[in-house]
Amino acid sequence: MANIGIMGGTFDPIHFGHLRAAEEVLQGFQLDRVIFVPAGNPPHKAGERISSAEHRYLMTVLATMDHPNFEVSRVEIDRPGFSYTLDTLREFRKRFPGDNLYFITGADAILSVHYWNGYRELFELADFIAVTRPGYSMESLDCLRPLIGEQCYSRIHVFTVTSLAISSSDIRDRVRKSLSIRYLTPETVRRYIERNGLYKD
């Protein structure tokens, strides 16, 4: 029986904050691997301008290719329609029927989990790891308990990771302003962005 982490995100672009969080969760929860899942058509980004799924997928591959326990899935990119976590976890449960699945997300995102599509079934399919900054505790999520119920709440694990003040939106903004993004994202990703002219208006 394997322990498998699933890390979803827009990854526009992926950066060291994502990668460091995945590395610390990998070790902290003794996962066998972490599968990064770039969103194909994220419903919460509807109407926003985001890079093509193929660009985001390739940047994620470049960022993770030298890690023996990281891999990237096209499951959401190749699936038509909006990318819902519920559909993704159903697919991974089919692929790994006897394994333990852990969906890795931010502690801020987990606060709105009761609005996610079919959220109760999510907790039947996987445990959730809510990564957060130092000083954040499970008590901060107590407001979720009456909203999702004790059974779902018990499957959320808050995990503190190294705080890196990096965001994809800041990286995109820096590129637009012709400012350096070195050491915010892997060099392979930086060169990909430059070579493909991403984030330039």
Side-chain angles (χ1 to χ4, degrees), residues 1-40 42 51 53-79 83-110 113 122-134 136 155-168 171 181-193:
M1 181 182 296
N3 296 320
I4 301 171
I6 300 164
M7 191 171 194
T10 311
F11 301 132
D12 193 20
I14 191 168
H15 55 66
F16 284 128
H18 299 126
L19 297 165
R20 185 63 207 174
E23 175 75 356
E24 293 186 19
V25 169
L26 178 80
Q27 293 188 335
F29 285 79
Q30 299 182 320
L31 303 182
D32 295 284
R33 55 180 154 160
V34 173
I35 303 173
F36 290 76
V37 184
S51 301
E54 206 62 38
H55 277 316
R56 293 182 289 103
Y57 169 77
L58 290 172
M59 286 190 287
T60 307
V61 169
L62 289 170
T64 58
M65 62 192 303
D66 64 345
H67 196 299
N69 303 107
F70 287 175
E71 59 187 80
V72 185
S73 171
R74 295 182 59 93
V75 63
E76 290 193 1
I77 291 173
D78 293 339
R79 188 173 64 228
S83 301
Y84 290 112
T85 300
L86 179 60
D87 295 326
T88 299
L89 288 181
R90 282 172 174 168
E91 177 62 30
F92 280 116
R93 178 48 68 202
K94 289 178 187 175
R95 295 183 187 183
F96 309 110
D99 296 325
N100 299 316
L101 300 183
Y102 295 87
F103 188 80
I104 305 165
T105 188
D108 52 344
I110 203 72
V113 71
L122 293 174
F123 292 97
E124 298 172 7
L125 298 167
D127 279 41
F128 277 63
I129 300 174
V131 297
T132 185
R133 301 177 300 277
Y136 209 95
R155 299 198 70 176
I156 300 174
H157 313 277
V158 173
F159 187 68
T160 299
V161 297
T162 301
S163 180
L164 297 178
I166 304 173
S167 73
S168 296
I171 291 174
I181 60 169
R182 287 184 187 274
Y183 313 121
L184 296 176
T185 191
E187 184 64 8
T188 51
V189 174
R190 187 195 69 79
R191 289 198 300 266
Y192 184 93
I193 291 169

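Between the Asn100 side chain and the Asn3 main chain, no donor and acceptor come within less than 3.5 Å of each other.
For the pair Ser168/Phe11, no side-chain contact is recorded, criterion being any heavy-atom separation below 4.5 Å from C-beta on. Between Ile171 and Pro13 the shortest side-chain heavy-atom distance falls below 4.5 Å. Proximity of Val25 to Met7: side-chain heavy atoms (C-beta onward) are nowhere separated by under 4.5 Å. Contact check for Asn69 versus Leu31: no side-chain heavy atoms found under the 4.5 Å cut-off. Using a 4.5 Å heavy-atom cutoff, the side chains of Thr88 and Arg79 are in contact. With contacts defined as side-chain heavy-atom distances shorter than 4.5 Å, the pair Phe92/Val37 qualifies. Contact annotation: the side chain of Leu125 never approaches that of Leu101 to less than 4.5 Å [non-hydrogen atoms, C-beta and beyond]. Counting heavy atoms from C-beta on, the side chains of Phe36 and Thr64 come closer than 4.5 Å.
Contact record, Phe103 with Ala126: N-CB, 4.4 Å, taken as the closest heavy-atom pair. Nearest approach of Ile166 to Gly17, heavy atoms of both residues: CD1-N, 4.2 Å. Between Ser73 and Ile35 the shortest heavy-atom distance is CB-CG2, 3.7 Å. The two residues Asp99 and Ala2 have their closest heavy-atom pair at OD1-N, 2.8 Å. Closest approach of Met59 to Ile14, counting heavy atoms only: O-CG2, 3.7 Å. Taking every heavy atom of both residues into account, Glu76 and Ser83 meet most closely at OE1-CB, 3.2 Å.
From Leu19, atom CG reaches atom OG1 of Thr60 across 8.5 Å, with rounding to the nearest 0.5 Å. Atom CD1 of residue Ile193 and atom CG of residue Asp12 lie 8.5 Å apart, to the nearest 0.5 angstrom. Rounding to the nearest 0.5 angstrom, the gap separating the CD1 atom in Ile6 from the CZ atom in Phe128 is 9.0 Å. Separation of atoms CG (Leu58) and CZ (Arg56) is listed at 11.0 Å; rounding is to 0.5 Å. Interatomic distance, Phe159 CZ to Ile104 CD1, rounded to the nearest 0.5 Å: 10.0 Å. From Met65, atom CE reaches atom CD of Glu71 across 14.0 Å, with rounding to the nearest 0.5 Å.
Classified by interplanar angle (parallel below 30°, tilted 30° to 60°, perpendicular above 60°), the ring pair His55/Tyr192 is perpendicular.
No option in Arg95, Lys94, Arg93 other than Arg95 meets the side-chain hydrogen bond (donor to acceptor under 3.5 Å, both in side chains) test with Glu91. In summary, of the residues considered (Thr85, Val131, Ile110, Ile129), a side chain to side chain contact (heavy atoms under 4.5 Å, CB included) with Thr105 occurs for Ile110 alone.
Salt-bridge check for Arg20 with Glu23: failed, with every basic side-chain N at 4.0 Å or more from each acidic carboxylate O. With respect to the salt-bridge test (charged N to carboxylate O, under 4.0 angstrom), the residues Glu124 and Arg90 do not qualify.
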As a quick check of understanding, evaluate side-chain contact (heavy atoms from CB on, under 4.5 Å) for Ile156 and Phe123, giving each step before the final call. CA-CA 9 Å; Ile156 300 174; Phe123 292 97; 3.6 Å; yes

